[in-house]
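Along the sequence shown, residues are numbered consecutively beginning with 1.
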Amino acid sequence: MKQHADKKLLLEQNPPSSPMSRPVPFDTVLARARATYLGLAIGDALGATTEFMTPGEIKAQFKVHRKIIGGGWLYLKPGQVTDDTEMSIALGRAVLSSGGWDLQGIADNFVTWMRSKPVDIGSTCRRGIRDYMLKGQLETPYNDWDAGNGAAMRMAPVALLTLGDEEAMSRFAISQAHLTHNHPLSDAACITIGRMIHQAIGSCDRFQLHATTRELVAEYKSFRFNKYQGNASSYVVDTLQTVFHYFFTTADFEECLVAVVNQGGDADTTGAIAGMIAGAFYGLDAIPLRWLKKLNRDVRIEVEQQAVDLAKLSPWSGDPA
Ligand code: MN
Ligand code: MN
């Protein structure tokens, strides 16, 4: 009896170190993949309302912003998403129509998307897509100013396509990032988000996710978030600090996203990235039904379908745990 209790205590203190060490049925993987991609779209739609506002302005107008109502500086319809979700969908479509990684196909889809007159497009993304159109350039050169969050926000489909293969995830993360953003802080952010999605879908606990953020901080100290200053700009360091701070200080999907988007700043993108990680971690059942119902129907259908198709294309599906 005593021995049994000790063993239990030991397990609690030392959770299995590998995120993939516990068997996860493939149906669960598919559900978490859908939650990852839905989380992105919901965070985008919810956060777009408070994009570029300060926490004080949000409080004065909404008390707490917690409904998908559209509006914001882009005058969106309720449930409408922005570039964060649209570029992810464009990336996912390219990969799925080629049956695997296809950087040129992704660049072509970004061009098609830019020509469709999207409701919003970041200046760094616009420059990268334009350079591809004019010069066929698939890798933008290093630029001091490329540490925005525009590449990191596209990580959901990359992570789902590469479930079970972290090396491929890192490679694809950087190659898609460099279409528009070439900066070590952006690269590191992309890889960290991808790893956290992989770990969460593999049933890790919060300590393992926190360990992954600590590895990022060990490499680039500027990502430290233990004394969060409340900056939520589109600088990828501010973006990830906001996401990490609220992910680790809240206890469910809804609370996490509400906290993130009420910080304002680049709220659709902090919402989108928090949504991916929290979606992967808390799963489909944790997503409030009222948010799911408000999300644009076509977007909801496409992201759920892409999530399933990408996960089925991933190495994990051939090697179900
Ligand atoms: Mn956006
Ligand atoms: Mn944004």
task: Drop me the distance from Leu38's CG to Leu284's CG, to the nearest 0.5 angstrom.
output: 6.5 Å
message: Test your reading of the model: is there a side-chain donor-acceptor pair from Thr239 to the backbone of Ser233, 3.5 Å cut-off?
response: yes
- prompt: When you check the side-chain N and O atoms of Gln306 and Arg93, is any donor under 3.5 Å from an acceptor?
  reply: no
message: Which label fits Trp101 and Phe172: parallel for a plane angle under 30°, tilted from 30 to 60°, or perpendicular past 60°?
response: parallel
field: Glu139 side chain near Leu179 side chain, heavy-atom distance below 4.5 Å
entry: no
field: Phe248 reachable from Ile273 in the ILVMFWY side-chain graph, under 4.5 Å edges
entry: yes
- prompt: Do Val81 and Phe253 share a hydrophobic cluster (ILVMFWY, side-chain heavy atoms under 4.5 Å, transitive)?
  reply: yes
message: I'd like to check Asn226 versus Val217 (side-chain heavy atoms, cut-off strictly below 4.5 Å). Are they in contact?
response: no
message: Against Leu91, only a single residue in Asn109, Leu103, Leu96, Val158 fulfils side chain to side chain contact (heavy atoms under 4.5 Å, CB included); can you say which?
response: Val158
- prompt: Do Arg66 and Glu255 meet the salt-bridge criterion of a basic N to acidic O distance under 4.0 Å?
  reply: no
query: With a cut-off of under 6.0 Å to the ring centre and 45° to the axis, is Arg32 in cation-pi contact with Phe281?
result: no
query: Taking 4.0 angstrom as the limit, do Asp146 and Arg127 come out as a salt bridge?
result: yes
message: Let me confirm one number: the CG-CG distance from Asn231 to Asp238, rounded to the nearest 0.5 Å.
response: 4.5 Å
field: Side chains of His178 and Asp187 in contact at under 4.5 Å (non-hydrogen atoms)
entry: yes
message: Can you see whether Asp108 engages Tyr132 through a side-chain donor-acceptor pair at a distance of less than 3.5 angstrom?
response: yes
- prompt: Do Leu76 and Val261 share a hydrophobic cluster, counting only Ile, Leu, Val, Met, Phe, Trp and Tyr and linking them when any side-chain heavy atoms are less than 4.5 Å apart?
  reply: no
task: Scan side-chain atoms only and decide if Thr162 and Arg171 contain a donor-acceptor pair under the 3.5 Å cut-off.
output: no
- request: Report the distance from atom CG of Asp309 to atom CG of Leu313, rounding to the nearest 0.5 Å.
  value: 8.5 Å
Donor-acceptor under 3.5 Å (Asp120 side chain, Asp83 main chain): no
query: Between Met87 and Leu74, is there a shared hydrophobic cluster once you connect ILVMFWY residues whose side-chain heavy atoms come closer than 4.5 Å?
result: no
- request: Quick one: list whatever passes side-chain contact (heavy atoms from CB on, under 4.5 Å) with Tyr142, sequence neighbours left out.
  value: Asp144, Asn182, His183, Pro184
query: Going by atom types alone, do Thr180 and Arg126 pair a side-chain donor with an acceptor below 3.5 Å?
result: no
query: Is it the case that His210 and Arg206 place a side-chain donor and acceptor less than 3.5 Å from each other?
result: no
- prompt: Do Val237 and Ile174 belong together in a cluster built from hydrophobic side chains that touch within less than 4.5 Å?
  reply: yes
- request: Specify whether Tyr228 and Tyr246 have parallel, tilted or perpendicular ring planes, treating 30° as the upper limit for parallel and 60° as the lower limit for perpendicular.
  value: perpendicular
message: Below 30° counts as parallel, above 60° as perpendicular, anything between as tilted: where do the rings of Phe110 and Trp113 land?
response: perpendicular
task: Apply side chain to side chain contact (heavy atoms under 4.5 Å, CB included) to Phe244 and Thr192, showing your working.
output: CA-CA 11 Å; Phe244 295 161; Thr192 300; 4.1 Å; yes
message: Can you tell me how far apart OH (Tyr37) and CD1 (Ile197) are? Round to the nearest 0.5 Å.
response: 10.5 Å
